[in-house]
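Notes follow the structure.
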Amino acid sequence: MMKIAAYFIFPNKDDDLIALGDDPTIYDGLIDNVVAIKQLLKNHQDFELCYDAKNLNCFLKMAKNLLKGKYLDDFRTQILHIFGKRSRNIDTKSISSPAYKYINWDIASWYVNNGITCWCAIQSDKIIADAAEVVCDKSNKTILVNIANAHLTGRDAIYVIKDTDNIDGSPKMITTPIVNGANDFADWYAFISNTGFSLKNNPKFEKTAYRWEKQCIYRCLETGYFWYFDYFHKKNKRHYEVFDSNGAHLGEADECGQLKDGTKNKNYFIRKIIS
């Protein structure tokens, strides 16, 4: 059985915290996402949770300005408990090679200087560099779990350039998959486990700008039907919701992408979302 390394990135920039605000239920949602992912990985058995203590402590310190008193203490306790076992603090146990620089690459990060197009070299966060290094081990699977809005790229991956001045074979581009919560993670996990079906990186589907709650909605290029992945944390019931081109519910599809008979809900629509 392959090993899965799940790297968690927490908000540590002003814009991230401003976006989260001071509603305690939002922070409960962060915890729920981490717990749901850990629970799913327990079924897999061979896994490792990875975090950067500096990144996490910075987030908790900044959150202290928004959340006061016992609630923040409880939040800190829960987070530290979740990462207590089968986890690795990359701040002290990093796998990334100190001989290399790890640079985030983004096609949008460019500017023109004296008529010459220049690319911005943005030093990767330590946890992204570590994850990129582990991705190179093809026998295992690595995923970045994005809890921080700063790393939303509009794509399903972060591209990292691994470079050095004095070692042959560099620079090299490393594609590191990224998910934005428990639902995305469950979809990725289902794909790499057995079924081989996913909406992500599937040439038969295109990602739209529409969302059902936090879920991205995809459109099937052949039929025009709309799909989104649905994952109920408590029941661990993973499936896809499918709608026709007008937003009327057609039913549920299983993890192999097969529409199941008797699952159509005549009262379920997403017309307002896709219009």
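Numbering of residues begins at 1 and proceeds along the displayed sequence.
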For His239 and Ala253, the nearest pair of non-hydrogen atoms, with its separation, is CB-O, 3.3 Å
Taking atom NZ of Lys126 as the centre, does the number of heavy atoms from other residues, nucleotides or ligands within less than 6.0 Å exceed 12?
-> yes
Of all heavy-atom pairs between Asp91 and Ala53, which one has the smallest distance, and what is that distance?
-> CB-N, 4.1 Å
Around Lys141, counting heavy atoms of other residues, nucleotides and ligands shown, do more than 12 lie under 6.0 Å from its NZ?
-> no
For the pair Phe185 and Trp188, name the ring-plane relationship: parallel under 30°, tilted 30 to 60°, perpendicular over 60°.
-> tilted
What heavy-atom pair brings Glu241 and Asp230 nearest, and what distance separates the two atoms?
-> OE2-OD2, 3.5 Å
Joining Ile, Leu, Val, Met, Phe, Trp and Tyr whenever any side-chain heavy atoms lie under 4.5 Å apart, the cluster holding Ile274 also takes in Tyr210, Trp212, Ile217, Phe226, Tyr228, Phe243, Tyr268, Ile270, Ile273
May I ask you to check whether over 12 heavy atoms, not counting those of Lys13, lie within 6.0 Å of atom NZ?
-> yes
Checking Lys162 against Tyr102: charged group under 6.0 Å from the ring centre and within 45 degrees of the axis?
-> no
Pairing of Asp130 and Arg88 as salt bridge, 4.0 angstrom limit | yes
Nearest atoms (heavy-atom pairs only) where Glu133 meets Ile95 | CG-O, 3.8 Å
Quick check, are the ring centers of Tyr51 and Phe8 under 6.0 angstrom apart?
-> no
